[in-house]
Amino acid sequence: MSDCLFCRIVAGEVPATVVHETPTTLAFRDIGPQAPTHVLVIPREHHDDVGALSDADPGLLASVMSAAVAVARQEQLSGGYRLLANTGDDAGQTVHHAHVHVMGGHRLAGLG
Ligand code: 5GP
Ligand code: ZN
């Protein structure tokens, strides 16, 4: 989808600081970090959100989650980390290409 920001990052049309790659996933630093380490992990293929991705290709969703864990280890988040996937309007999803946030590097605020 040429009008999708993250598809444009996959295509190399929009610059990003890439920290991890697999044949099916890409991980890059969030432009507005909410934690000392804040990386986004995406499937290279476009899916609107993780629900759509789960329906279309659950194996690819598993690959995204495994890549997120690999990023957390690579970033040495030994004190812990959060994997988060905002899905739909009520969650405040702003980019409609499935993605998982990897956040850590300090004590994260509780979700409640
Ligand atoms: P969402 O709110 O959809 O869960 O997360 C979208 C994330 O994408 C936000 O945390 C936002 O900071 C990040 N973001 C938006 N535009 C860009 C961009 O052009 N480059 C990068 N690296 N991150 C972006
Ligand atoms: Zn896309």
Side-chain angles (χ1 to χ4, degrees):
M1 292 178 78
S2 58
D3 59 343
C4 170
L5 173 63
F6 288 177
C7 282
R8 295 188 68 203
I9 287 177
V10 170
E13 296 168 6
V14 171
T17 304
V18 172
V19 298
H20 188 269
E21 293 188 71
T22 74
T24 58
T25 69
L26 188 68
F28 50 90
R29 297 203 187 280
D30 196 293
I31 204 168
Q34 306 286 315
T37 293
H38 189 168
V39 172
L40 302 171
V41 184
I42 68 171
R44 292 181 185 272
E45 190 174 275
H46 182 92
H47 297 273
D48 287 348
D49 58 35
V50 294
L53 174 55
S54 177
D55 290 343
D57 191 345
L60 181 55
L61 176 56
S63 296
V64 169
M65 294 304 285
S66 291
V69 171
V71 166
R73 291 177 175 158
Q74 180 179 291
E75 296 284 321
Q76 300 183 301
L77 301 178
S78 54
Y81 53 89
R82 179 172 292 157
L83 305 183
L84 178 73
N86 291 322
T87 307
D89 291 339
D90 279 359
Q93 183 181 0
T94 59
V95 178
H96 296 279
H97 179 129
H99 55 279
V100 172
H101 297 253
V102 181
M103 288 178 284
H106 67 184
R107 180 61 68 104
L108 299 162
L111 293 176

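Whatever order the structure lists them in is the order used to number ligands and atoms, beginning at 1. Remember, it's a predicted structure, so these values are computed and weren't measured experimentally. Heavy atoms only: backbone and side chains are in, while hydrogens, waters and symmetry mates are out.
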Item to complete: Using a 4.0 Å heavy-atom threshold (strictly under), name the region of L84 that reaches ligand 1: side chain, backbone, both or neither.
Response: neither
Discussion item. Between the Zn ion (ligand 2) and H97, which N, O or S atom of the residue is the nearest one?
Written reply: ND1
Worksheet entry | Side chains of L77 and V102 in contact at under 4.5 Å (non-hydrogen atoms) | yes
Worksheet item: What residue and heavy atom of the protein are closest to atom 2 (O) of ligand 1, and at what distance?
Response: T94 OG1, 3.0 Å
Discussion item. Between ligand 1 and V95, can you find any atom pair, the residue atom being a heavy atom, that is separated by under 4.0 Å?
Written reply: yes
Worksheet entry | Residue pair V41 / A68: nearest heavy atoms and the distance that separates them | CG2-CA, 3.9 Å
Worksheet item: Hey, do the aromatic rings of H99 and H97 have their centres closer than 6.0 Å?
Response: no
Worksheet entry | Per-atom contacts of ligand 1 with F6, taking only distances under 4.0 Å to non-hydrogen atoms | 8 (O)
Practice prompt. Would you mind running through ligand 1 and noting each atom that sits below 4.0 Å from a heavy atom of F28?
Written response: 22 (N)
Practice prompt. State, yes or no, whether a side-chain contact exists between V100 and L84 at a heavy-atom distance under 4.5 Å.
Written response: no
Item to complete: Show which atoms of ligand 1 fall inside a sub-4.0 Å distance from at least one heavy-atom site of G92.
Response: 2 (O)
Worksheet item: With respect to Y81, which candidate in T37, V71, V69, V39 satisfies the side chain to side chain contact (heavy atoms under 4.5 Å, CB included) definition?
Response: V69
Discussion item. Could you work out, with salt bridge (Lys or Arg N to Asp or Glu O under 4.0 Å) as the rule, every residue matching E21, not counting sequence neighbours?
Written reply: R44
Worksheet entry | pair T22-S63: side-chain heavy atoms closer than 4.5 Å | no
Worksheet item: Quick one: does H38 get an N or O within less than 3.5 Å of an N or O on ligand 1?
Response: no
Item to complete: Starting from atom 9 (C) of ligand 1, find the nearest protein heavy-atom neighbour and note its residue, name and distance.
Response: D30 OD2, 3.3 Å
Response to the item:
re atom 19 (O) of ligand 1, the protein heavy-atom contact at minimum distance is L5 CD2, 3.6 Å
Worksheet item: Between the Zn ion (ligand 2) and C7, is there an N, O or S atom separated by less than 2.8 Å?
Response: yes
Practice prompt. Can you sort out which atoms of ligand 1 are near H101, meaning under 4.0 Å from one of its heavy atoms?
Written response: 1 (P), 4 (O), 5 (O), 10 (O)
Practice prompt. Identify the protein heavy atom lying closest to atom 22 (N) of ligand 1, giving its residue, its atom name and the separation to 0.1 Å.
Written response: R29 O, 2.9 Å
Worksheet entry | Ligand-residue contact atoms, ligand 1 with G32, heavy atoms, under 4.0 Å | 12 (O)
Worksheet item: Does a side-chain heavy-atom distance below 4.5 Å link R29 with V19?
Response: yes
Fill in: Heavy-atom nearest neighbour in the protein, as seen from atom 1 (P) of ligand 1, with distance rounded to 0.1 Å
H99 NE2, 3.2 Å
Worksheet entry | Of all N/O/S atoms in H46, the name of the one nearest the Zn ion (ligand 2) | ND1
Discussion item. With a sphere of 6.0 Å drawn around CD of Q76, does it hold more than 12 non-hydrogen atoms of other residues, nucleotides or ligands?
Written reply: no
Response to the item:
Per-atom filter on ligand 1: closer than 4.0 angstrom to a heavy atom of Q93 are 3 (O)
Worksheet entry | Among V18, D49, I31, closest by any non-hydrogen atom to atom 15 (C) of ligand 1 | I31
Response to the item:
When every non-hydrogen atom of I42 is compared with those of V64, the smallest separation belongs to C-CG2, 4.2 Å
Worksheet item: Should we count CG of D55 as having more than 12 external heavy atoms under 6.0 Å?
Response: yes
Fill in: Heteroatom proximity flag, A16 to ligand 1, N/O under 3.5 Å
no
Worksheet item: Mind checking whether H101 and H38 have side chains closer than 4.5 Å, heavy atoms only?
Response: yes
Worksheet item: For the Zn ion (ligand 2), does an N/O/S atom of H96 lie at less than 2.8 Å?
Response: no
